[in-house]
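Counting starts at 1 for both ligands and their atoms, following the listed order. One is the number of the first residue; the rest follow in order along the sequence.
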Amino acid sequence: MKTRMRAPKRPASRVRGQYAREPRSNFVSGNRLALLCLCIAILFGVLWTPSPIPNAPASPPFEVVDLPGRGKGLVATRDIKRGDLLIREAPLLRIPQQITSSPTALLSSLLSALPAASLSAFFALSAVHLPSSPDPDPLDVALAIVQTNAVAAGEGHIGVFPTMARLNHACAGAFNAVYSWRAGEGVLVVHAVRDVRRGEELLTTYMDTKRKREDRRAYLLGQYAFNCTCATCSLAPALSAQSDARLEEMAALYSQFASWGGGAIDGRAAADIARRIWALGEAEGYVSERGRLAGDVVWVAAAHSDVEALRAWGALAEEWYGYELGRESAEVRGVREAVARPAGHAAWGTRPGMAIGGGP
Ligand SMILES: C[S@@+](CC[C@H](N)C(=O)[O-])C[C@H]1O[C@@H](n2cnc3c(N)ncnc32)[C@H](O)[C@@H]1O
């Protein structure tokens with residue numbers, strides 16, 4: 001989700017890249033003793049109590065439980081409404097993606113600075129692709145934990161979050177929770193993107209799942225070492241083929257929509273594509289990313305000086321950004337401002353005047 005995409009919500013943001021393959025350095029070995037001491041302190045019973053975060057739900061609507069075949073996960077303890085805030089938490093670690101030093105050296109210094117309780121929370125997280133040695137270097141374990149649990153945390157950064165990290169994955173129309181980084185507050189928030197019944201598992205998505213089932217499953221197996229059996233991946237063959245076709249068409253349409261930025265299509269065509277994406281999402285049950293889509297059409301409407309379309313898409317953007325990012329988010333405030341003062345929009349009048357049409 002790029003170009004001028006504003007919300008750091010692209011679910012494909014779980015990170016690996018350079019952190020996956022960095023060779024160990026002498027510096028790592030030099031820090032091993034300190035880390036081992038800290039780990040031993042943790043084993044001697046330091047319990048993790050999260051520090052209170054302002055505006056975090058006072059009583060979270062879920063519990064962390066062991067789920068057969070999937071490790072821990074979050075299960076709703078009461079009915080949840082679309083748009084409800086589920087989690088609001090600070091990172092245990094926040095790491096720049098582009099670094100000049102060794103990732104393990106950086107990780108070592110970040111971990112060394114953590115209070116024992118946070119270190120305990122970090123090392124309690126799950127990890128795939130652990131080193132096979134019976135006595136692995138704690139920094140290699142730490143690296144595997146980062147690779148399994150880190151998500152995008154602002155421009156050029158990833159973060160590991162103790163509660164959010166327990167969310168398991170589902171694809172396309174099957175996930176019900178979406179996370180986003182609040183740069184101004186330094187926290188990650190997770191909202192319900194659909195209604196959830198008590199007893200249902202809360203599920204986010206680890207990747208852009210607008211891909212066919214075979215590709216999604218191969219990616220998840222390779223990166224996260226599990227076979228996805230979510231509701232979308234479990235569809236019978238004929239229904240799965242229809243779902244694949246919808247998801248692949250949505251992905252192709254998003255690319256076409258983005259080509260408006262370079263002038264390849266006009267505003268009316270861009271809005272037609274957005275309406276088609278919306279309809280496909282409805283058929284698929286894929287309602288995530290609608291705030292951003294509608295927000296982008298607001299931009300197109302402003303560029304073509306179409307106030308009516310701007311207001312119609314603005315209402316949709318406000319509603320769906322509100323569900324995914326929170327009604328108090330910067331994105332909702334931005335859309336409200338655009339609707340209140342269309343001519344004050346940064347894109348206003350930058351393309352030829354044109355009626356692009358209202359929402360779906
Ligand atoms: C970020 S962790 C999620 C929380 C994890 N279950 C735990 O116990 O901490 C990612 C790991 O959880 C497991 N997982 C996530 N989604 C899953 C799913 N849909 N089915 C089975 N395992 C899943 C995989 O082992 C994956 O590598």
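In this structure, a donor-acceptor pair under 3.5 Å is present between the side chains of E89 and T163. Side-chain contact annotation: T209 with R216, donor-acceptor N/O pair under 3.5 Å absent. Using modelled atom types and a 3.5 Å distance limit, the side chains of S59 and R78 yield a donor-acceptor pair. A donor-acceptor pair shorter than 3.5 Å cannot be found between the side chains of E324 and S180.
Taking every non-hydrogen atom of V128 and a distance limit under 4.0 Å, the qualifying atoms of ligand 1 come out as 27 (O). Each of the atoms 3 (C) of ligand 1 lies under 4.0 Å from some heavy atom of L167. Of all atoms in ligand 1, listed by their number and element, those nearer than 4.0 Å to a heavy atom of N149 are 1 (C), 2 (S).
Here Y224 has heavy atoms under 4.0 Å from ligand 1 in both its backbone and its side chain. With a 4.0 Å cut-off on non-hydrogen atoms, N168 touches ligand 1 through its backbone as well as its side chain. Contacts with ligand 1 closer than 4.0 Å are made by no heavy atom of L125, backbone or side chain.
Taking a 4.0 Å cut-off on heavy atoms, G69 registers as neighbouring ligand 1. By the 4.0 Å heavy-atom criterion, L67 is excluded from the residues contacting ligand 1. Residue contacts with ligand 1: A165 is included, with a non-hydrogen atom under 4.0 Å away.
Any N or O atom pair closer than 3.5 Å counts here, and T148 shares no such pair with ligand 1. Checked by distance only, ligand 1 and H169 come closer than 3.5 Å through their nitrogen or oxygen atoms.
Note that R246 lies outside the cation-pi zone of Y286, set by a 6.0 Å cut-off to the ring centre and a 45° limit from the axis. Taking the ring centre of W348 as origin, the terminal cationic atom of R341 falls outside the region bounded by 6.0 Å and 45° from the ring axis.
Relative orientation of the Y224 and F226 rings is tilted, given thresholds of 30° and 60° on the angle between their planes.
Residue R70 holds the heavy atom nearest to atom 21 (C) of ligand 1 of all those in R70, H129, K72, M164.
When ring centroids are compared, H157 and W181 stay outside the 6.0 Å threshold.
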